[in-house]
Amino acid sequence: FVIDTGDVTEFGGRAAFKRYQGFWAKVKVPHYIALGNHDCTWRSLAPEVTRLFGAPYYSFDRFGCHFVVLNSAGFQHPLPAFGPEQLRWLARDLAKAGRDVPVFVALHHPPGTAEFASPHDVDRLLDVLRSHHIVAILYGHGHTASAGKHEEFDIVQGGSTYGPGPAGYQVCAVTDGVL
């Protein structure tokens with residue numbers, strides 16, 4: 001399956017989103033979308049993502065792992081944020097998954113960025129994640145491909161299909177319990 005970590009359009013809007021979906025029309029693997037700042041600031045794609053997945057943030061299970069797709073993009077506001085309703089949903093979702101299930105978290109903005117509306121947004125998110133088996137936080141936004149750590153969490157940033165940077169995607173695999 002594919003998880004796109006956001007900025008699927010430049011300015012949001014249904015026509016641009018339909019064009020984006022057309023790129024995936026012949027791809028025969030499940031495709032999940034995290035909203036990015038470009039998808040929400042001008043004309044939010046949250047209604048389109050909600051129609052596809054039930055909410056602008058959601059989860060699914062594959063291969064014995066739990067995958068959480070969060071919405072870090074502020075609704076029609078350039079600063080990323082996590083509303084209390086999303087964090088309450090996340091806590092309930094992870095409780096259902098269980099503490100020992102490997103969890104991958106996908107979102108658009110890196111947890112270490114100073115762009116968040118408040119540094120407490122990230123603190124509150126990490127507080128929810130800490131008591132679970134988080135394998136990696138996958139994110140976009142930065143137009144480069146990289147891997148590292150944020151506090152105790154492994155983080156992986158996908159590349160960009162725009163500009164001179166490295167490849168436009170990252171491939172993550174778990175084999176015999178090793179990422």
Carboxylate-amine/guanidinium contact Arg88 Glu85, below 4.0 Å: no
Ser59 vs Tyr32, side chain to side chain contact (heavy atoms under 4.5 Å, CB included): CA-CA, chis, key distance, verdict: CA-CA 10 Å; Ser59 65; Tyr32 302 94; over 6 Å; no
Does the side chain of [X] reach to within under 4.5 Å of the side chain of [Y], using non-hydrogen atoms?
X	Y	value
His66	Asp93	yes
Leu94	Val101	no
Val49	Asn71	no
Trp89	Leu70	yes
Leu52	Gln21	yes

For residues [X] and [Y]: do they belong to one hydrophobic cluster (side chain heavy atoms under 4.5 Å, members Ile, Leu, Val, Met, Phe, Trp, Tyr)?
X	Y	result
Tyr58	Leu87	no
Ile3	Val135	yes
Leu126	Val156	no
Val122	Leu138	no

Intermediate values then yes/no, side chain to side chain contact (heavy atoms under 4.5 Å, CB included), Leu125 and Val105: CA-CA 11 Å; Leu125 170 65; Val105 178; 5.6 Å; no
Heavy atoms from other residues, nucleotides or ligands near CZ of Arg130 exceed 12 (cutoff 6.0 Å): yes
Greater than 12 external heavy atoms within 6.0 Å of Asp100's CG: no
Full working for side chain to side chain contact (heavy atoms under 4.5 Å, CB included) between Phe53 and Val69: CA-CA 10 Å; Phe53 304 107; Val69 180; over 6 Å; no
Reported [atom1]-to-[atom2] distance for the pair [X] and [Y], which is rounded to 0.5 angstrom:
X	Y	atom1	atom2	result
Asp7	His108	CG	NE2	3.5 Å
Leu107	His141	CG	NE2	10.5 Å
Leu35	Tyr57	CG	OH	11.5 Å
Phe1	Arg62	CZ	CZ	7.0 Å
Ile134	Phe104	CD1	CZ	10.0 Å
Ile33	Leu45	CD1	CG	8.5 Å

Between [X] and [Y], which heavy-atom pair has the shortest distance, and what is it?
X	Y	value
Ala81	Phe116	N-CD2, 3.9 Å
Pro56	Ala46	CB-CB, 4.3 Å
Thr5	Ala106	CG2-CB, 4.4 Å

Is it true that a side-chain atom of [X] and a backbone atom of [Y] form a donor plus acceptor pair closer than 3.5 Å?
X	Y	result
Asp154	Ala136	no
Arg99	Ser131	yes
His38	Glu10	yes
Asp39	Gly36	yes
Ser72	His109	yes
Glu48	Phe17	no

Criterion side chain to side chain contact (heavy atoms under 4.5 Å, CB included) on Ile155 and Lys149, from CA distance to verdict: CA-CA 5 Å; Ile155 57 175; Lys149 294 256 256 198; 5.6 Å; no
Tyr20 and His31 aromatic centres sub-6.0 Å: yes
Mutual orientation of the aromatic rings belonging to Phe60 and Phe67 [parallel < 30°, tilted 30-60°, perpendicular > 60°]: parallel
